[in-house]
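Structure first, commentary second.
Nothing here was measured: the structure is a model prediction, and the numbers come from that model.
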Amino acid sequence: MTTRRTLVAAALSGFAFFGWAGAAQAQGEPLRVATDATFPPMEFVENGQRTGFDVELVEAIGKVLGRKIEWIDIDFKGLVPGLVSKRFDMAVSGIYITDERKKVVDFTVPYYAGGLVVMVKDGNTAIKTPADINGKKVSVQVGTKSVAYTKEKFPQVQLMEVEKNQEMFNLVDIGRADAAVTGKPAAYQYVRTRGGLKVLPEQITTEEYGMAIRKDTPELTKAVNGAIAKLKADGTYDAIVKKWFKQ
């Protein structure tokens, strides 16, 4: 009986001989991708279907490689350990590339820049750049990076700390806060689904997302990087970005 180890060995041999694209298509083995689909608009469940920016991008990568995507749902904290223990081939779930994570897994090229952004009410002309929030009332979510970072970088801000993201956005919407500081994905998800607010084009911080891949499959990392490059070249990547991060 053909074992999984035999299949993997055949795949690696194919990569070496035919190149990443041809081997992936010839092999046809599903690409097992883990995610925590609770982080809109990156990945989430809507009407019983897994969807989001990461999901569409990975599915597009699968088409380039000629491999069906086999999704595995797992809590975020288990993504890197599960990858190390070879439970799946790749983890994609709004994962920031960090030096600590790079010690145990490999990452693709950065495929999107996250970080902190400023949200204001649509039509607000007083706050055009992050620097303009100094001296203003700014809502932030308790326990998030935005609290300490905003205090440190914008000392004149009047912070309004709330428990939930929705409360933070509501304060801006009703005019009790002049702006909100939050993560980029959450900001764009609100704009996409609710409206009434806008995201300033200049980010406060930039942290890059990468697709995590096991260290023992460097040819897969190379293949996925090649697929990302192709999707950027043919316009598919830009179309997916515009769908999920438009204002």
inquiry  = Between Arg67 and Glu29 (side chain of the first, backbone of the second, donor and acceptor by atom type, cut-off under 3.5 Å), is there such a pair?
reply    = yes
key: Where Leu200 and Thr129 come nearest, the two heavy atoms and their spacing   = CD1-C, 3.7 Å
message = Counting neighbours of NZ on Lys215 that are heavy atoms of other residues, nucleotides or ligands and sit closer than 6.0 Å, is the number greater than 12?
response = yes
query = Going by distance alone, is a donor N or O of one side chain under 3.5 Å from an acceptor N or O of the other, for Lys246 and Tyr188?
reply = no
Tyr190 OH to Met168 CE distance, which is reported to the nearest 0.5 Å = 10.0 Å
ask   = Within the side chain of Thr144, is there an N or O that forms a donor-acceptor pair under 3.5 Å with the backbone of Gln141?
value = yes
Nearest non-hydrogen partners of Pro110 and Ile97, listed with the distance = CG-CD1, 3.9 Å
request  = Verify salt bridge (charged side-chain N to carboxylate O under 4.0 Å, His left out) between Glu161 and Lys151, making sure each step is shown before the conclusion.
outcome  = CA-CA 11 Å; Glu161 299 184 39; Lys151 283 180 180 178; 3.7 Å; yes
key: From CA spacing to verdict: side chain to side chain contact (heavy atoms under 4.5 Å, CB included), Leu197, Asp122   = CA-CA 5 Å; Leu197 305 183; Asp122 205 10; over 6 Å; no
query = Is any side-chain heavy atom of Val84 closer than 4.5 Å to a side-chain heavy atom of Arg214?
reply = no
task = Find out whether Val199 and Val118 are in side-chain contact, i.e. whether some heavy atom of one side chain is under 4.5 Å from a heavy atom of the other.
result = no
query = Would a distance-only check, ignoring hydrogens and angles, find a side-chain to backbone donor-acceptor pair under 3.5 Å from Asn124 to Lys121?
reply = no
request  = Mind checking the OG1-CG spacing from Thr236 to Leu57? Nearest 0.5 Å is all I need.
outcome  = 9.5 Å
inquiry  = Please report the interatomic distance CG(Leu31) to CG(Leu65), rounded to the nearest 0.5 Å.
reply    = 7.0 Å
request  = Answer yes if Tyr209 and Ile74 sit in the same cluster of Ile, Leu, Val, Met, Phe, Trp and Tyr residues linked by side chain heavy atoms under 4.5 Å apart, and no otherwise.
outcome  = no
ask   = Could you walk me through whether Glu70 and Val33 pass the side chain to side chain contact (heavy atoms under 4.5 Å, CB included) check?
value = CA-CA 6 Å; Glu70 181 182 312; Val33 182; over 6 Å; no
inquiry  = Less than 4.5 Å apart, side chain to side chain, heavy atoms only: is that true for Glu56 and Trp244?
reply    = yes
key: Within one Ile-Leu-Val-Met-Phe-Trp-Tyr cluster: Val104 and Leu79, side-chain cutoff 4.5 Å   = yes
Pair Lys232 + Asp238, salt bridge at N-O below 4.0 Å = no
Closest non-hydrogen atom pair between Asp173 and Gly196, with its separation = OD1-O, 4.2 Å
task = Starting at NZ of Lys86, measure out to CZ of Arg32 and round the result to the nearest 0.5 Å.
result = 10.5 Å
request  = Taking all heavy atoms of Pro185 and all of Pro41, pick out the closest pair and write down the distance.
outcome  = O-CD, 2.9 Å
request  = Give the C-alpha distance, both sets of side-chain angles, the deciding distance and a yes or no for side chain to side chain donor-acceptor pair (under 3.5 Å) between Trp71 and Glu43.
outcome  = CA-CA 12 Å; Trp71 289 101; Glu43 47 272 315; over 6 Å; no
Verdict with supporting geometry, Lys137 and Asp178, salt bridge (charged side-chain N to carboxylate O under 4.0 Å, His left out) = CA-CA 5 Å; Lys137 295 179 180 178; Asp178 301 298; over 6 Å; no
request  = Begin with the C-alpha distance, continue with both residues' side-chain angles, and end with the deciding distance and a verdict on side chain to side chain donor-acceptor pair (under 3.5 Å) for Asp54 and Tyr111.
outcome  = CA-CA 10 Å; Asp54 282 345; Tyr111 67 90; 2.8 Å; yes
ask   = Do Phe88 and Leu83 come close enough that some side-chain heavy atom pair is under 4.5 Å?
value = yes
Cluster link Tyr96 to Phe39, ILVMFWY, side chain under 4.5 Å = yes
key: Joint cluster assignment, Val64 & Val224, ILVMFWY side-chain distance < 4.5 Å   = yes
query = Do Thr182 and Met119 touch side chain to side chain, with heavy atoms closer than 4.5 Å?
reply = yes
query = Side-chain donor-acceptor pair under 3.5 Å between Gln203 and Lys184, yes or no?
reply = yes
message = Do Ile133 and Val181 have side chains that approach each other closer than 4.5 Å (heavy atoms only, starting at C-beta)?
response = yes
query = Is there side-chain contact between Thr205 and Glu207, with at least one heavy-atom pair below 4.5 Å?
reply = yes
query = Hey, what's the ring geometry for Tyr112 with Phe53, parallel, tilted or perpendicular (30° and 60° as the breaks)?
reply = tilted
ask   = CZ/Phe154 to NZ/Lys136 distance, rounded to the nearest 0.5 angstrom?
value = 12.0 Å
query = Taking the side chain from Thr35 and the backbone from Val92, do they hold a donor-acceptor pair closer than 3.5 Å?
reply = yes
remark   = Partner of Met211 under side-chain contact (heavy atoms from CB on, under 4.5 Å), picked from Asp106, Val109, Val58, is Val58
Side-chain (Thr98) to main-chain (Arg101) donor-acceptor, under 3.5 angstrom = yes
query = Is it true that Glu59 and Arg50 have a side-chain N and a carboxylate O under 4.0 angstrom from each other?
reply = no
query = Should Glu167 and Arg176 count as an ion pair when the cut-off is N to O under 4.0 Å?
reply = no
inquiry  = side chain to side chain contact (heavy atoms under 4.5 Å, CB included), that's the test. Do Asn134 and Val157 meet it? Break it down for me.
reply    = CA-CA 5 Å; Asn134 253 326; Val157 155; 4.2 Å; yes
key: Nearest heavy atoms of Val172 and Ser139, plus distance in Å   = CG2-OG, 3.8 Å
remark   = Rounded to the nearest 0.5 Å, the CZ atom of Phe245 sits from the CD atom of Gln189 at a distance of 9.0 Å
task = State whether the side chain of Asn225 and the backbone N or O of Thr108 hold a donor-acceptor pair below 3.5 Å, judged by distance alone.
result = no
task = In sequence, state the C-alpha distance, the side-chain angles, and the governing distance for Lys198 and Val120, and then conclude on side chain to side chain contact (heavy atoms under 4.5 Å, CB included).
result = CA-CA 6 Å; Lys198 65 180 180 180; Val120 297; 3.6 Å; yes
query = Taking 4.0 angstrom as the limit, do Lys77 and Asp36 come out as a salt bridge?
reply = no
query = Is the shortest side-chain N to carboxylate O distance from Lys230 to Asp234 below 4.0 Å?
reply = yes
ask   = What's the shortest heavy-atom distance between Ala212 and Val105, and which atoms?
value = CB-CG2, 4.1 Å
query = Are Phe107 and Met42 in one and the same hydrophobic cluster, where Ile, Leu, Val, Met, Phe, Trp and Tyr link if side-chain heavy atoms are under 4.5 Å apart?
reply = no
ask   = With a 4.5 Å limit on heavy-atom distance, are the side chains of Thr217 and Asp89 in contact?
value = no
